Amino acid sequence: MAAAAPSDPVHPGSTGSIMATDSCNAAVQCVQIGPRCIGPGQRAYVIAEAGVNHNGSIGEALRMVDAARQAGADAVKFQAFKATRLASRLAEQAAYQKDAAGAPSQVEMLERLELKAGEFARLKQHCDGAGIEFLATPFGVEDLRILLDLGVRAVKIASPDIVNRPLLEAAAESRLPMLLSTGASEAWEIDRAHDLLWRQWRVPLVLLHCVSSYPTKLEHANLGRIRALRQRYGCPAGFSDHTTEPSAGALAVAAGASILEKHFTLDRSQPGPDQGFSLLPAELAEYVCQARLAEAAMGDGGLDLGPIEREVRSVSRCSVVTGEDIPAGGVIGRHMLAVKRPGLGISPWQIDEVAGRRAKQHISADTPITWDMLD
């Protein structure tokens, strides 16, 4: 049974100076990360999640920056933590970590995956030079301070920390845009975090749908939750993708995702907890390509005639034609009319307005009727 929701009322939506409208006409606040505006109607923001797939090697991490840029990602993201601050010796590993990490405990696994504070500075500098946004997920307040000192332009908070109030409040104090994953959360926990970050701090917020199962089968992706998050909270929503499917990003875009976050690696055969469900660089490039095709396929959602349809419309529409010869001055009966292609004459919608009129001129059978032929 789910836990009871907090007693405070839930704020149903956000307001802000930059607004967009989703398919249900709900106001959605767009979020700015550097030069990019993130929200409905905008190009999806693709984050290549390097995570800990560098295995603690700054050289590998730098190569991952270049691979992410070449694949067409907008940002590359790492994870900032100190193992002994993040986990105690009692912390167990998840099953997928035990199978892949090759470490006897969670803290020992994490120690092998750390990057030093100075190494994050090198990564930030390399990203700036490569023209890709540098992002990192802090797992504690100390880690957050390291990133803020580097001048990051947004803060990503991982799903487990949706209940980490000290970290959320420290990030909110920065006034930077926040990307908050919602994996393994109850609905009331998302409500509570949104209430804190938006109602109390007015943080520009993006909520990322996430399934905390590694890897996630596509049939368990629950992509409908993306739109549900956007409509409930009035902020952009995205997808932190733990599937192994290159098509999942495109499906998420079609489901309304404004941000995609996808793990990648330079070599899936390396040890590490996240390697097995990560994409190789060529697969990441295909992932981005499919997401862009999905954006193009979605179009603008307008209901009016599209320019590329005009030719087929002109040859496939019908009009009112004469079913027999009609003499000049003759009264046109309904039985004298037919509906045929092409659509050069009066629309079949108006056939009853033609019946009963007199012909100004002789009209041969099988002729499209126009208004100037009628009295």
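What's counted below: heavy atoms across the whole structure, side chains too, no hydrogens, waters or symmetry copies. This is a predicted model, so every value here is computed, not measured.
Val320 pairs with exactly one of Ile369, Ile332, Asp352, Thr370 by the side-chain contact (heavy atoms from CB on, under 4.5 Å) rule, that one being Ile369. Paired with Lys82 under the rule salt bridge (charged side-chain N to carboxylate O under 4.0 Å, His left out), one option of Glu111, Glu142, Glu114 passes, and it is Glu114. With Leu179 as the partner, the side-chain contact (heavy atoms from CB on, under 4.5 Å) test is satisfied by one option alone out of Val31, Ile33, Leu207: Ile33. Across His126, Glu119, Gln125, a single residue satisfies side-chain contact (heavy atoms from CB on, under 4.5 Å) together with Leu62, and that is His126.
No donor-acceptor distance shorter than 3.5 angstrom exists from the side chain of Ser181 to the backbone of Ser159, with no hydrogens or angles considered. The backbone N or O of Ala365 lies less than 3.5 Å from a partner atom in the side chain of Asp325, making a donor-acceptor pair. Under the 3.5 Å distance criterion, the side-chain polar atoms of Arg358 are matched with a main-chain donor or acceptor of Gly329. Within the 3.5 Å criterion, the main-chain N or O of Ala250 finds no donor-acceptor partner in the side chain of Gln290. Without hydrogens or angle criteria, Asn53 side chain to Phe264 main chain gives a donor-acceptor distance under 3.5 Å. The backbone N or O of Pro271 sits less than 3.5 Å from a side-chain atom of Asn55, completing a donor-acceptor pair. With Lys156 contributing its side chain and Pro138 its backbone, the two residues share no donor-acceptor pair below 3.5 Å. Distance alone, capped at 3.5 Å, is enough to place a donor-acceptor pair between the Glu189 side chain and the Glu186 backbone.
For Arg317, the CZ atom sits in a loose shell: 12 or fewer heavy atoms of surrounding residues, nucleotides or ligands are nearer than 6.0 Å.
In terms of heavy atoms, Ile146 sits closest to Ala117 at CD1-CB, 3.9 Å. Nearest heavy-atom pair, Ser185 versus Ile162, reported as atom, atom and distance to 0.1 Å: OG-CG2, 3.5 Å. Shown here for Glu169 and Trp201, the closest heavy-atom pair between the two residues is CG-NE1, 4.3 Å. Considering all non-hydrogen atoms of both residues, Ala257 and Leu260 come closest at CB-CD2, 4.0 Å. Of all non-hydrogen atoms in Asp267 and Thr265, the two that sit nearest each other are N-OG1, 3.1 Å. A pairwise comparison of heavy atoms in Pro348 and Ser319 identifies CD-CA, 3.9 Å as the closest pair.
Hydrophobic clustering places Val163 together with Leu197 (ILVMFWY residues linked when any side-chain heavy atoms are closer than 4.5 Å, directly or through intermediates). Taken together through direct or relayed side-chain contacts under 4.5 Å among Ile, Leu, Val, Met, Phe, Trp and Tyr, Val331 and Met373 form parts of separate hydrophobic clusters. A continuous path of ILVMFWY side-chain contacts below 4.5 Å connects Ile351 to Trp371, so both sit in one hydrophobic cluster. Criterion: ILVMFWY side-chain heavy atoms under 4.5 Å apart, direct or through other members. Under it, Tyr287 and Val211 are not part of a common hydrophobic cluster.
Taking the side chain as every heavy atom from C-beta outward, Thr367 and Ser364 approach each other to under 4.5 Å. Phe120 is listed as a side-chain neighbour of Leu150, based on a closest heavy-atom distance under 4.5 Å. Counting heavy atoms from C-beta outward, Leu144 and Val155 have side chains that approach closer than 4.5 Å.
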Item to complete: Report the C-alpha separation of Asn164 and Ile157 in whole Å, then their side-chain angles, then the decisive distance to 0.1 Å, and conclude whether the side chain to side chain contact (heavy atoms under 4.5 Å, CB included) test is met.
Response: CA-CA 10 Å; Asn164 188 342; Ile157 300 295; over 6 Å; no
Item to complete: Would you sort out whether Val206 and Met178 count as a side chain to side chain contact (heavy atoms under 4.5 Å, CB included), showing the intermediate values?
Response: CA-CA 6 Å; Val206 180; Met178 190 182 301; over 6 Å; no
Worksheet entry | Asp74 vs Arg292, salt bridge (Lys or Arg N to Asp or Glu O under 4.0 Å): CA-CA, chis, key distance, verdict | CA-CA 12 Å; Asp74 298 290; Arg292 299 300 177 220; 3.2 Å; yes
Discussion item. Between Glu133 and Arg36, is the salt bridge (Lys or Arg N to Asp or Glu O under 4.0 Å) condition met? List the steps.
Written reply: CA-CA 10 Å; Glu133 193 76 26; Arg36 286 293 310 278; over 6 Å; no
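Between Arg357 and Asp372, none of the side-chain N atoms (NZ, or NE/NH1/NH2) sits under 4.0 Å from a carboxylate O, so this pair counts as no salt bridge. Checked for salt-bridge contact, Lys77 and Glu49 meet the test: a charged N lies under 4.0 Å from a carboxylate O. A salt bridge does not link Glu245 to Lys217: none of the charged side-chain nitrogens sits closer than 4.0 Å to a carboxylate oxygen. Under 4.0 Å is where a charged nitrogen must lie from a carboxylate oxygen, and between Asp149 and Arg145 no such pair does. For the pair Arg268 and Glu283, the salt-bridge criterion is met [side-chain N within less than 4.0 Å of a carboxylate O]. Here Glu60 pairs with Arg63 in a salt bridge; the nearest charged N to carboxylate O distance falls below 4.0 Å. Using a 4.0 Å cut-off between charged nitrogen and carboxylate oxygen, Arg232 and Asp191 count as a salt-bridge pair.
Using the six-membered ring where Trp is involved, Phe78 and His54 have ring planes that are tilted, between 30° and 60° apart. Relative orientation of the Phe139 and Phe81 rings is perpendicular, given thresholds of 30° and 60° on the angle between their planes. A parallel orientation is assigned to the rings of His209 and Phe239, their planes being inclined by less than 30° (bins at 30° and 60°).
For the atom pair CG (Leu196) and CD (Gln200), the distance works out to 5.0 Å, reported to the nearest 0.5 Å.
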